[in-house]
Engineer: 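Just passing along the structure, written as structure tokens.
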Protein chains: 2
Amino acid sequence: MTETFGIGELAREFGVTARTIRFYEDLGMLTPLREGQKRVYRTRDRVRLKLILRGKRLGFSLAETREMIELYDAPAGEVGQLRLFRDKIAARRAELDGKRRDIEAALKDLGRAEERCRARLGELEDRPEAGAEAPGLGG
Amino acid sequence: MTETFGIGELAREFGVTARTIRFYEDLGMLTPLREGQKRVYRTRDRVRLKLILRGKRLGFSLAETREMIELYDAPAGEVGQLRLFRDKIAARRAELDGKRRDIEAALKDLGRAEERCRARLGELEDRPEAGAEAPGLGG
DNA sequence: TATGTCGTTTACGTAAACGTAAAGGTGTCT
DNA sequence: AGACACCTTTACGTTTACGTAAACGACATA
């Protein structure tokens with residue numbers, strides 16, 4: 001429950017450098033404790049790091065990811081704040097839905113490319129002479 | 001069928017600057033014709049531009065997107081080439097599947113945040129005194 | 001003829017997201 | 001004591017993806 005991690009440990013686990021992790025701290029996205037000089041990360045920071053990297057994979061800037069994490073944290077505020085949050089969440093959701101549609105379109109395109117590739121491979125393997133340039137049987 | 005576009009036209013349509021479009025040409029991702037000095041884009045380039053921007057939205061670098069477009073174009077090559085293409089396509093597909101999973105996870109997180117937000121808003125609207133700081137009905 | 005609009009090339013500038021030293025502290029084997 | 005392994009701060013460097021300005025050409029319109 002009170003498990004902690006060193007910077008190198010996290011770096012290895014997530015495939016990033018310590019520099020990267022410190023950089024995220026500079027941006028205020030991670031807030032490790034200190035044991036003397038050394039940074040000590042708790043589960044909370046580990047989760048945040050995971051969220052940051054997920055955001056990156058999805059093409060969000062660190063600033064955008066930062067905002068999203070604040071949405072996840074959703075502190076209890078006053079009504080106005082909460083409505084603002086709700087709207088921001090809706091906006092992000094729409095953005096993510098858009099990305100999902102983009103992904104599906106890209107997957108379809110890839111599927112078509114793959115199909116053409118397969119068909120062509122089938123031709124070439126069955127009757128190699130079907131190629132635009134005959135392979136030549138050697139000799 | 002032989003519809004063409006000016007650079008400003010494309011820029012307006014896709015919400016980018018002409019500089020951006022020229023930059024993609026520098027990278028060899030667009031290959032407009034010329035009418036005198038002026039660039040003339042065909043449907044092919046329009047499609048490519050759309051693919052480039054889709055790639056961007058999904059967090060791919062221009063280099064990666066470039067590779068993906070080459071996969072879509074899938075020219076007829078020899079067997080070795082075709083197998084390489086097939087494998088590259090499979091790799092991209094896996095990557096896109098990963099991103100889709102990331103998106104679904106993010107959507108779930110947002111859903112939870114939204115739910116908490118809604119619940120809290122319901123509380124505050126029903127009985128405002130439930131807040132940490134009572135709103136006060138005005139003096 | 002002047003004022004726009006639309007395009008061109010060339011070139012330096014910039015924001016984001018780190019990379020890469022350099023120089024040093026702390027602990028622990030051997 | 002010496003050698004690692006791991007951490008620290010400071011600071012300049014680098015890549016990507018354009019932004020922005022300068023200076024110009026071509027054409028239409030008032």
Side-chain angles (χ1 to χ4, degrees), chain A residues 3-42 45-46 48-70 92 95 99 102 106, chain B residues 3-42 45-46 48-70 92 95 99 102 106:
Chain A
E3 194 180 3
T4 62
F5 314 87
I7 194 168
E9 205 172 343
L10 283 184
R12 269 189 301 279
E13 178 177 358
F14 291 104
V16 298
T17 68
R19 172 69 175 93
T20 295
I21 295 180
R22 289 192 203 103
F23 180 67
Y24 296 155
E25 181 181 347
D26 288 346
L27 300 185
M29 303 177 79
L30 298 177
T31 54
L33 303 175
R34 296 280 179 149
E35 262 175 29
Q37 280 250 95
K38 301 194 174 179
R39 291 169 173 81
V40 174
Y41 299 87
R42 291 154 297 175
D45 291 306
R46 216 187 79 109
R48 274 170 170 257
L49 181 51
K50 203 183 289 187
L51 291 176
I52 293 171
L53 298 177
R54 188 175 77 188
K56 280 204 60 178
R57 287 195 300 273
L58 291 179
F60 289 106
S61 72
L62 291 177
E64 288 171 322
T65 298
R66 190 191 150 96
E67 269 197 67
M68 272 181 59
I69 292 179
E70 283 170 16
R92 287 291 170 180
E95 202 171 346
K99 284 189 195 246
D102 279 333
Chain B
E3 194 180 5
T4 62
F5 315 87
I7 193 168
E9 206 173 342
L10 283 185
R12 269 189 302 279
E13 178 177 0
F14 291 105
V16 299
T17 68
R19 172 72 175 90
T20 296
I21 295 180
R22 291 192 202 103
F23 180 67
Y24 296 156
E25 182 181 348
D26 287 347
L27 300 185
M29 303 178 79
L30 298 176
T31 54
L33 302 175
R34 295 280 179 149
E35 261 177 29
Q37 280 250 96
K38 301 193 174 178
R39 291 168 172 83
V40 174
Y41 299 88
R42 290 155 297 175
D45 291 306
R46 215 186 81 108
R48 272 170 172 259
L49 181 52
K50 203 184 290 188
L51 291 176
I52 292 171
L53 298 177
R54 188 175 76 188
K56 280 203 59 179
R57 287 195 299 273
L58 291 179
F60 290 105
S61 73
L62 291 177
E64 288 170 322
T65 297
R66 191 191 147 95
E67 269 198 67
M68 272 180 59
I69 291 179
E70 284 170 16
R92 288 292 170 180
E95 203 172 343
K99 285 187 196 250
D102 280 333

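Each chain gets a letter, A, B and so on, in the order the sequences are listed, and its residues count up from 1.
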Engineer: Pick from Leu33(B), Thr4(B), Thr31(B), Leu10(B): which one makes a side chain to side chain contact (heavy atoms under 4.5 Å, CB included) with Tyr41(B)?
Structural biologist: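 Between Tyr41(B) and the candidates, side chain to side chain contact (heavy atoms under 4.5 Å, CB included) is satisfied uniquely by Leu10(B).
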Engineer: Give the residues of residues 10-17 of chain A touching DNA chain C, defined as any heavy atom closer than 4.0 Å, sorted by residue number.
Structural biologist: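 Heavy-atom cutoff 4.0 Å gives Thr17(A).
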Engineer: Kindly say whether Ile7(B) contributes a backbone atom to a donor-acceptor pair with the side chain of Arg39(B) at under 3.5 angstrom?
Structural biologist: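 Side chain of Arg39(B) to backbone of Ile7(B): no pair is present.
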Engineer: Of the residues in residues 25-40 of chain A, which ones touch DNA chain C at a heavy-atom distance under 4.0 Å?
Structural biologist: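 Residues of residues 25-40 of chain A under 4.0 Å from DNA chain C: none.
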Engineer: Could you please spell out the steps behind the side-chain contact (heavy atoms from CB on, under 4.5 Å) verdict for Phe5(A) and Arg12(A)?
Structural biologist: CA-CA 11 Å; Phe5(A) 314 87; Arg12(A) 269 189 301 279; over 6 Å; no
Engineer: For the CG atom of Leu27(A) and the CD atom of Glu25(A), what is their distance to the nearest 0.5 Å?
Structural biologist: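 Rounded to the nearest 0.5 Å, the CG-CD separation comes to 10.0 Å.
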Engineer: Provide the start and end nucleotides, 5' to 3', of the part of DNA chain D that has atoms under 4.0 Å from heavy atoms of chain A.
Structural biologist: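 Under 4.0 Å from chain A, the extent on DNA chain D is dC7(D) to dA11(D).
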Engineer: Can you tell me how far the CD1 atom of Ile69(B) sits from the CG atom of Leu51(B), to the nearest 0.5 Å?
Structural biologist: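 Taking CD1 in Ile69(B) and CG in Leu51(B), the distance rounds to 5.0 Å.
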Engineer: Let me know the distance between CZ of Arg19(A) and C1' of dA21(C), rounded to the nearest Å.
Structural biologist: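 Whole-Å distance recorded here is 12 Å.
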Engineer: Using every non-hydrogen atom in the two residues, find where Ala18(B) and Ala11(B) come nearest and quote the distance to one decimal.
Structural biologist: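 Looking at all heavy atoms of both residues, the closest pair is N-CB, 4.1 Å.
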Engineer: With rounding to the nearest 0.5 Å, note down the distance linking NZ in Lys56(A) to CD in Glu64(A).
Structural biologist: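 Rounded to the nearest 0.5 Å, the NZ-CD separation comes out at 13.0 Å.
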Engineer: Which value, rounded to the nearest 0.5 Å, describes the distance between Leu30(B) atom CG and Tyr24(B) atom OH?
Structural biologist: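 If I round to the nearest 0.5 Å, the distance is 9.0 Å.
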Engineer: Find the distance between CZ (Phe14(B)) and CZ (Arg46(B)) and round it off to the nearest 0.5 Å.
Structural biologist: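 Between Phe14(B) CZ and Arg46(B) CZ, I get 4.5 Å after rounding to 0.5 Å.
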Engineer: Using 0.5 Å steps for rounding, measure from the CG atom of Leu49(A) to the CD atom of Glu13(A).
Structural biologist: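 Output value for this atom pair is 8.5 Å.
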